[in-house]
J.: 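Take this structure, written in C-alpha cells, and hold onto it; I'll ask about it next.
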Number of protein chains: 4
Amino acid sequence: MSGPKDIPTFVKDERLVEMRREQIVRAAVRLFIEKGFHRTTTREIAQASRFSIGTLYEYISSKEDVLYLVCYDINARMREGLEPLEALEAPPDALLRLAIERLIRVVDAMDDEVLLIYQESKSLLPEALKDVLRREAEIVAFFARLLRAGRAQGVFRIAEEDIDLMAENIVVLAEMWAFRRWALRKQYSIERFIATQTRLLLGELGVPAESGRPAEGRPAAAGPSDVRSAED
Amino acid sequence: MSGPKDIPTFVKDERLVEMRREQIVRAAVRLFIEKGFHRTTTREIAQASRFSIGTLYEYISSKEDVLYLVCYDINARMREGLEPLEALEAPPDALLRLAIERLIRVVDAMDDEVLLIYQESKSLLPEALKDVLRREAEIVAFFARLLRAGRAQGVFRIAEEDIDLMAENIVVLAEMWAFRRWALRKQYSIERFIATQTRLLLGELGVPAESGRPAEGRPAAAGPSDVRSAED
Amino acid sequence: MSGPKDIPTFVKDERLVEMRREQIVRAAVRLFIEKGFHRTTTREIAQASRFSIGTLYEYISSKEDVLYLVCYDINARMREGLEPLEALEAPPDALLRLAIERLIRVVDAMDDEVLLIYQESKSLLPEALKDVLRREAEIVAFFARLLRAGRAQGVFRIAEEDIDLMAENIVVLAEMWAFRRWALRKQYSIERFIATQTRLLLGELGVPAESGRPAEGRPAAAGPSDVRSAED
Amino acid sequence: MSGPKDIPTFVKDERLVEMRREQIVRAAVRLFIEKGFHRTTTREIAQASRFSIGTLYEYISSKEDVLYLVCYDINARMREGLEPLEALEAPPDALLRLAIERLIRVVDAMDDEVLLIYQESKSLLPEALKDVLRREAEIVAFFARLLRAGRAQGVFRIAEEDIDLMAENIVVLAEMWAFRRWALRKQYSIERFIATQTRLLLGELGVPAESGRPAEGRPAAAGPSDVRSAED
DNA sequence: TATGAATGAGGTTTCATTCAT
DNA sequence: GATGAATGAAACCTCATTCAT
C-alpha cells in the first residue's frame, strides 16, 4: 500500500473519488476523535459525510480503509505544516530551532489528530499500518537531515550514530504536547513548552540557549545565529 | 475511583476476589496485548481465566472494569519495578542516572504493557481513566522529587517551574522505547538507548556525561564527573 | 467433516445441542423447501426454531452449517427408510424389487427434501459437500451390494464393471420421481411408476417381469422368486 | 411467457436487443456456472457483458430475466444439438440408438449448463419457470415421438401408456451424466456410459443389444438394424 | 459461589435497482 | 442509447450482559 490510490473503489471518476473521500475523512476524523475508531459506526460515518451507507461503500471497501484514509490525511497535513521549512535557508541551529517550534505548533493545532494516531493506528490492517509508520518515519527523517547537515558544518556536536535516535527524540518531545496534554496543559503554556523542549534538545547538541527566554540558573546569551520564523 | 476496591463484586470473600481478579488480569493483559481491548471478548477473558462467563461477572460488572484492572496492574508493576530506587541513598545525579536506567529497563520488560496503556486507556470509563492518569502521574512525580532534591542541593541547574515538564520528559523519553520500538529497535540496543537518553537529560540539567555505560546495580558514581562519553 | 459433531458450538451440553439442532433442522427444512436456501434468512430460521438469532448462533457458526445439518438429516432419514431392507432375507431379485419399491416410496414421502438436495447442495462449503456426496454414495453402494450378491448367485446377468453405473441408475430412476414430478405426476400414479421402473431395471438384469402387473405387449410371467414387500 | 420476446426492454431496435442479450447470456452463463445465480451480482453480469449496469437494465428488467434468458438459451442449444436427428431416416431402433448417443454427447458438451438448469431454474419467476419446463418437455416429447413411431412399426415392445415415462427415463439417464458426474466420471468413460445406457433402454424396449461392445453374460449379437451416427 | 444458555440490539457489508446526465 | 453514482433495505453475524439453576 502506498497511498489512498491503492484503496479500491467502484467509482470511476477520480475527481469525485477524491472529493468524496475528503468528505469521508473530514467526517471520520471528527468522529474517531470524539468516540474512537471502534465506537464509531460506519453508518455514523456515512451520515456525517452526508451520504448513504451504500455510497460510503462505493468509495472504500472496509471500515479499516476509512481509518487508513484518516491516518494518511493526518500525516499529510502534519507534513504540510512542516513544508515551509524545507525551503528555508539558515544556519543549522537556527533552522532546527525553527523546525522544533514549528513542529510543536503543528502538534498543538492537530493535537486530537496526533493522539488519534497514537491510539488507533494499531487497528490498521498490516499493510496500511506499515505505510503509515513509513510516512511517520519521514517526519523523523526530516529532522535527521537537519541534524546531519548541522553536524557536517560542525555546528552540532553529535555522533553520527546518535542522529536517528535524536531525531526520534525531537518528534516525541514535540508530540507529547498532544499525548500528555492532560498533564502538561494545566501547568505550561505552549510558549514555555516550546522554549524548554528547544533548550533541552539544542543543549544536547552543544548549542547554547538563545536569548529572549532566560531560564533560571542559565545565563541568557545570544544564540550563535539569529533567524526568526516566518510567522513572527 | 481509587483502586480495584471500588469495583463492585457480588462475592464477599475478599481473598477470593483478589485471587480471581489476579487470574482475570493475567488472562486479560495477554489477550488485550494480542488483540486489543475491543477485539477481545468477555468470553475469551473468562475462558483464559479458567472460569465461566457467569463467574467473570461475579467479580466485575463490565468489560471496562477488566480494562481498569489491567491498567491498574500494569501501573502497579511498573512502580514496583522502580521501588528499589526509593530506598537508595546516593547523590542526586547518580540517583537520577540510576532511575532513568531502571525506568527504561522496566519499560523494556513491559513494553507490550506500556503500549497497551497508550493505546487502550482511552476506553476506560471517565472515573477510571482519571485514576489511571493520576497513578501514571505518580511515576512522573517520583522523578520530579528527584529533580527537586538535586536542585535543592545545587546539583541540577533547572528552574523550579521546569521541573514538572522535565520529569514528564524523562518518563516519555523512557517510554518511547515501547511505543516507538518499531523505529528504535532495528537500530539501537537498549544499552545505547539508555546511555543516550541519560546523557540528553542530564546534559540539560547541567550534569556532564558519565564515562562508560551505566549498568543496573552499578554503584552510583559520587558527584558529577567530567568525562565525555566514548561516542563523542 | 463427518457428521454434525464437527460443527462447532458454544454450548457444552451435548443433549441440548442435539435437541436444538433438531429444532433448527425441522424449521430450516421447511423454509428451504418453501423459499430456497438463499432466500431464507437466518432470522427466519431462528424464529421458526422458536428462539432468538443469538441462540441460533450458539449452535451453528454460519448459515451454511444449517444447510449441512439439513442435508445430513435428509440423507439420514432416507437411509432410515431403507434400513428395514438390510435385515431382509430373500432371493436377490426379490430383494432388489423390494428395494426399488421402497426407495421410490421413500422418495415419494420425501420428495421436497430430495429436490432440495438436488438444488441446494451446491451451496454447501466444500468440506460439507464432500461429506454429503459421500453419504449419498452410500445409498448407491447399498444397491451395488445387492447387485453384486445377485450376480454372484448367477441371478443377475450383469458385468462387474457395470454394477456401479447400474446402481446409480437405480437411484436416479427413483429420485426422478421427486425432481421430475412436474412432468410425471400428472400422468402417472406412484404404483405404475414403481412397476415400470422396476421392470426396466430388472429387465436389464435379465430378470423377467413379475406377474401381477401385466403390461401391454409383454406376457405376464411368474418371476423366478416371489416375495412380497412388508407393506403389501 | 413464451420466449425472450416477452421480456420488456427500453430499446426499440430489435437487432440491438438480440445482440446485447446474446452478450448478456454469454457472460451470465459463465458466471452462473462459476458462482451460482444468487452469488452472481448484476454488476458482474454487466461488467462481463462489457457494458454498464445502466445499459444492462435497458435490456432486461430484473436479474431473474437474465436467468430466464440463460435457461432459454441452454435449452435452445441443447435442442440445436439434437436437431440433426430430426431429418434422419432410419429404422426406429437405429434412430433411437443414435438419439440417445447424441443426447448424451450434448449433455457431455454442456454438462455445466445442464447442471445449472437443475440447480437454478427454481429461482425463475413462476411464468418463466413454466416456460422453461415446457421447453424441457419438448426434448422429452421428441423421444416420445421416436418411441411411438417404433411402437407403431412393431419394433418397440412398449405399452402406449408407458411411452411418456420411458421418454422421461431416456432424458434423465442421459442428463445424469451431468448431474451425477462426481460419481460417474471417476469410473466410466463416456463411451461406456453411452453403451450401457443404450443397452438398458433398448433392452426394455425388446431390442437386443448391438454388436461391438459385448457385455459379460450377454452374447454379442448384431442389432436388427445397422445405421451409424453421422459423426462416425 | 459457580455455571452457561439465552438474549437481541446493533455491528459491518452487500447489491438490485433507479434516474439524472 | 449509454452511463454509472446513488440509494437503503436487508443480509449475516457478534457479543456484553443476565438470570435461572
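Lettering of chains follows the sequences in order, A, B, ..., and the numbering in each one begins at 1. Quick caveat, the model's predicted, so the values are computed rather than measured.
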J.: Over how many whole Å does the gap from C:His38 atom NE2 to F:dA11 atom C1' extend?
T.: 11 Å

J.: Does F:dA2 have OP1 or OP2 sitting under 4.0 Å from an N or O in the side chain of D:Arg20?
T.: yes

J.: To the nearest Å, how far apart are B:Gln47 CD and E:dA2 C1'?
T.: 16 Å

J.: Nearest nucleotide by nearest heavy atom, which residue falls closer to the 5' end of DNA chain F, A:Arg43 or A:Leu16?
T.: A:Leu16

J.: NA contact type, C:Ser61, heavy-atom cut-off 4.0 Å: base, sugar-phosphate, or nothing?
T.: nothing

J.: So, B:Glu120 and B:Lys122, do they make that salt bridge, N to O below 4.0 Å?
T.: yes

J.: As a test of reading the structure: which of F:dG8, F:dA2, F:dT17 is closest to the side chain of B:Ile53, going by heavy atoms?
T.: F:dT17

J.: Are B:Gln23 and B:Arg26 close enough that a side-chain donor and a side-chain acceptor fall under 3.5 Å?
T.: no

J.: Which nucleotide sits closest to the side chain of C:Asp13: E:dA5, F:dA10, F:dA16?
T.: E:dA5

J.: Kindly point out which of E:dA2, E:dA5, F:dA16 is positioned nearest to the side chain of B:Glu58?
T.: E:dA2

J.: Roughly, in whole Å, what's the span from CZ in C:Phe37 to C1' in F:dC12?
T.: 11 Å

J.: Looking for any heavy atom pair under 4.0 Å, which part of the strands does A:Thr41 touch: base, sugar-phosphate only, or nothing?
T.: sugar-phosphate

J.: Between B:Arg43 and C:Glu58, does any NZ, NE, NH1 or NH2 come within less than 4.0 Å of an OD or OE carboxylate oxygen?
T.: yes

J.: Scan C:Thr40 against the nucleic acid and name what it touches under 4.0 Å (heavy atoms): base, sugar-phosphate only, or nothing.
T.: sugar-phosphate

J.: Reckon C:Tyr57 has a side-chain N or O less than 4.0 Å from the OP1 or OP2 of F:dT14?
T.: no

J.: In whole angstrom, give the distance that lies between atom CG of C:Leu56 and atom C1' of F:dC15.
T.: 15 Å

J.: On DNA chain E, compare the nucleotides closest to B:Val11 and A:Arg39; which residue's is nearer the 5' end?
T.: B:Val11

J.: Which residue lies toward the 5' end of DNA chain F, C:Thr42 or B:Glu64, if each is placed at its nearest nucleotide?
T.: C:Thr42

J.: Using a strict 4.0 Å threshold on nitrogen-to-oxygen distance, state whether A:Glu44 and A:Lys35 make a salt bridge.
T.: yes

J.: Give a yes/no answer on whether the side chain of D:Tyr59 brings an N or O atom under 4.0 Å of OP1 or OP2 in F:dA2.
T.: yes

J.: State which residue, out of A:Val66, A:Ile33, A:Ile45, fulfils the side chain to side chain contact (heavy atoms under 4.5 Å, CB included) condition with A:Thr40.
T.: A:Ile45

J.: If I take atom CG in residue A:Leu125 and atom C1' in nucleotide E:dT12, what distance separates them, rounded to the nearest angstrom?
T.: 14 Å

J.: Check whether D:Ser49 reaches the backbone of D:Phe51 with its side chain - one donor and one acceptor, N or O, closer than 3.5 Å.
T.: no

J.: Which nucleotide, in any strand shown, forms a Watson-Crick or G-U wobble pair with F:dA20, with both distances under 3.5 Å?
T.: E:dT3

J.: Once you round it to whole Å, what is the distance between C1' of E:dT1 and CD of B:Gln23?
T.: 14 Å

J.: How close or far is atom P of E:dA2 from atom CZ of B:Arg50, stated in whole angstroms?
T.: 16 Å

J.: Any side-chain N or O of D:Thr55 less than 4.0 Å from the OP1 or OP2 oxygen of F:dG1?
T.: no

J.: Can you tell me the distance, in whole Å, between the NZ atom of B:Lys63 and the C1' atom of F:dT18?
T.: 17 Å

J.: For a quick test of reading the model: is some side-chain N or O of A:Ser52 closer than 4.0 Å to OP1 or OP2 of F:dG8?
T.: no

J.: With both distances under 3.5 Å as the test, what is the Watson-Crick or G-U wobble partner of F:dG8?
T.: E:dC15

J.: Picking from F:dT3, F:dT17, F:dT7, which would you name as closest to the side chain of A:Phe51?
T.: F:dT7

